[in-house]
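What follows is a set of notes on a single structure, which appears directly below.
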Protein chains: 2
Amino acid sequence: MNVTVIHGEETRVHPSDLHWHLGDLLKNKDAADLTFQVGGQTLSAHRCVLAARSSVFKAELLGSMQESSAASPIEIRDMEADVFKSLLHFIYTDSVRPVLDVVMASHLLVAADRYNIMRLKQICEEKLCNHIDSNMVATYLALAEQHGFSRLKEACFQFLASPSNLEAMMASDGYEHLKSSCPSVLKELIARIMPAELNTAKDIIMAMWK
Amino acid sequence: MNVTVIHGEETRVHPSDLHWHLGDLLKNKDAADLTFQVGGQTLSAHRCVLAARSSVFKAELLGSMQESSAASPIEIRDMEADVFKSLLHFIYTDSVRPVLDVVMASHLLVAADRYNIMRLKQICEEKLCNHIDSNMVATYLALAEQHGFSRLKEACFQFLASPSNLEAMMASDGYEHLKSSCPSVLKELIARIMPAELNTAKDIIMAMWK
């Protein structure tokens, strides 16, 4: 809160309330002019707010879909209702909900990438980078490789530079999926760690490709 | 800017950009669904943004004027185009333009009061409170009295507790207007300063009412 002292008296200008006002707008649906169908739920929103915040929504809502979206709900495929709700919450308030677990963060990262909402993408990528462990690293690496999340990929590589983390990753549930879906990223990983840990790396390569 | 250090590398999450995005929305008029006629100019805006930010706009735009405002421009009386533009700028961006002179601040204060935009009202009232001088104090006091701006009125009273400031105010251009439009506030001022400066005050009273 900004505090100004005038004539010895403390006075206050309240902090910015734009995000609160838009959060209320999303909740109370005043003047909403769009509906979405997502995972069996119907959600309302405002064309101008979505267009202002996402270049992808702007192209869709003010371009080819302008007429059709006014008349009938827009169907969002391949996304759960809770993820789309969290995406809308960010679009209106510029903040994520207080409890953002890593599973929601990974879904929101994909959603933010899909709708080109850069700040949300950064927030979710930071969240995952800060919560890398040997159980999740294979899943994160596959996600990073499939969507081109370079910061997350780099953080996974740094985590896996430790031979014990690498071995633990290879025993994790996500490893088989990573191996089958993104074999090239494993080769890249080996190339990265090879010079420093030559002998260990050789054993690992053998284990990976056996 | 938030800076996070992960694995020894500095990474960044950009600061909130909601106000930039809405500022661009106001400028580029995407999906605008309202027009205003103000001082001979036509300005575009978005019903949902105005309703979210001002309870007065909400009542007008989502209530009785909902139908008529969709079809034809809304005429704004008793306000200059530049003041209404600055009001819209604040509604969308939650900030005033970098150079806010006291004349614009006084007009914007009245506009913010009219549309019940509390934070803009606080910002403009602080601006005036910080720029009270003997040339302007009579004008500010009349404004404060006519619109019920209690912080500005109190700041004027504190400024006028100095006999030299009081005398200078009585020689200023705004004094005659204050005396004719708000005689009661002068009586209130006299009552406030009387105990401390009894003899001076008596002289002043004589001068005021001669």
Can you measure from SG (Cys182(A)) to NZ (Lys187(A)) and round to the nearest 0.5 angstrom?
12.5 Å
Among His21(B), Met118(B), His19(B), which residue has the highest count of heavy-atom pairs closer than 4.5 Å to chain A?
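Highest number of pairs under 4.5 Å: His21(B).
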I'd like to know which of Val49(B), Leu22(B), Leu18(B) tops the heavy-atom pair count under 4.5 Å against chain A.
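Maximum pair count with chain A is reached by Leu18(B).
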Check whether any side-chain heavy atom of Thr35(B) lies under 4.5 Å from a side-chain heavy atom of Leu43(B), and answer yes or no.
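SC-SC contact between Thr35(B) and Leu43(B) ruled out.
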Does any backbone or side-chain atom of [X] lie under 4.5 Å from a heavy atom of chain B? Answer side chain, backbone, both or neither.
{"X": "Asp30(A)", "value": "both"}
{"X": "Lys121(A)", "value": "neither"}
{"X": "Thr93(A)", "value": "backbone"}

Side chain Asn116(A), main chain Ser55(A), donor-acceptor under 3.5 Å
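A pair under 3.5 Å: no.
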Contact origin within Asp24(B) toward chain A - heavy atom pairs under 4.5 Å:
neither
Is atom CG of Asp101(B) surrounded by more than 12 heavy atoms (other residues, nucleotides or ligands) closer than 6.0 Å?
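Count over threshold, so yes.
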Are there more than 12 heavy atoms of other residues, nucleotides or ligands under 6.0 Å from atom CD of Gln37(B)?
yes
